[in-house]
Amino acid sequence: MIYGYARVSTIGQKNDGNSLEEQENRLRENGATKIYVDAFTGTKVDRPQFQELLKCVQSGDTIIATKLDRVSRSASQGIALVDDLMSKGVTLHILNMGIMNNTPTGKLIRNIMFSFAEFERDMIVERTSEGKAIARQREDYHEGRKTIPMDDDLFEKCRKKQKDGSMTVKECCRELGVSRSTWYNRIREVV
């Protein structure tokens with residue numbers, strides 16, 4: 001069986017060929033019959049769909065990813081993951097690199113590329129921190145998202161429907177155009 005794995009850090013990610021749609025298209029073009037998708041940081045191995053994929057692969061199966069950093073952005077975790085897959089007889093095919101193997105050259109290239117992926121992630125975090133530090137110096141700086149004004153009457157109608165069971169919290173949030181956390185924060189304010 002040929003499985004595909006696509007990952008973005010955030011669901012809205014659409015740049016440099018890494019959108020979920022572009023990844024899924026490339027995976028299908030290269031033979032993936034079932035594709036697992038996560039919107040989760042690559043520094044964690046405990047990604048929900050990735051864990052599901054790891055549970056179902058068997059010896060003789062292939063996992064395809066468009067780039068190595070889609071699989072992991074941590075050198076130590078990535079190396080351990082590839083070694084584990086190979087020991088189970090699972091092939092890992094990274095479209096922009098080729099098939100991972102256990103030759104000395106294959107290990108060297110894999111280790112170097114995982115180290116670059118981790119380095120790139122660390123640089124992104126560093127630049128983001130520097131940008132926030134500069135922004136905090138401005139008087140008008142506000143950490144986090146801007147507060148979304150909520151229609152009080154519509155909130156009360158949705159809240160009443162949610163309490164009587166005719167609407168779920170998810171439906172209320174969709175109706176109001178807010179996140180679940182905003183919904184629950186508003187409820188705490190009211191109580």
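Hydrogens, waters and symmetry mates play no part in the numbers below; they use all other heavy atoms, side chains included.
The existence of a salt bridge linking K55 and E52 is confirmed by a sub-4.0 Å separation between a basic side-chain nitrogen and an acidic carboxylate oxygen. Salt-bridge formation is not detected for the pair D122/R127: no Lys NZ or Arg NE/NH1/NH2 atom is positioned less than 4.0 Å from an Asp or Glu carboxylate oxygen. Looking at E156 and K160, no side-chain N of the basic residue comes within less than 4.0 Å of a carboxylate O on the acidic one, giving no salt bridge.
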Hey, can you pull the donor-acceptor pairs under 3.5 Å for the side chains in residues 134-141, sequence neighbours left out?
residue	atom	partner	partner atom	Å
R138	NE	D140	OD1	3.1
Y141	OH	E143	OE1	2.6

Show me, pair by pair, the donor-acceptor contacts under 3.5 angstrom made by side chains of residues 82-94, not counting sequence neighbours?
residue	atom	partner	partner atom	Å
D83	OD1	R110	NH2	3.0
D84	OD2	K88	NZ	3.2
S87	OG	D84	O	2.7

Please set out all donor-acceptor pairs under 3.5 angstrom arising from side-chain atoms of residues 100-107, sequence neighbours excluded.
residue	atom	partner	partner atom	Å
N101	OD1	T103	N	3.2
N101	OD1	T103	OG1	2.7
T103	OG1	G106	N	2.9

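For F155, the ring-ring contact (aromatic ring centres under 6.0 Å, His included) partners at least two apart in sequence or on another chain are W183.
Panel note: side chain Q23, backbone R7; a donor-acceptor pair is recorded below 3.5 Å.
Residues L108 and L81 share a single hydrophobic cluster, defined by chaining ILVMFWY side chains whose heavy atoms lie under 4.5 Å apart. Clustering ILVMFWY residues whenever any of their side-chain heavy atoms sit less than 4.5 angstrom apart, transitively, puts I187 in the very cluster that holds L154.
The only option from R70, Q49, R47 that meets the side-chain hydrogen bond (donor to acceptor under 3.5 Å, both in side chains) definition with Y5 turns out to be R47.
The salt bridge (Lys or Arg N to Asp or Glu O under 4.0 Å) analysis of residues 168-183, with sequence neighbours excluded, yields no pairs.
Between E126 and S129, the side chains place no donor N or O within less than 3.5 Å of an acceptor N or O (distance only, hydrogens not considered).
Taking Ile, Leu, Val, Met, Phe, Trp and Tyr as members and joining any whose side-chain heavy atoms lie under 4.5 Å apart, directly or through other members, I99 forms no hydrophobic cluster with any other residue.
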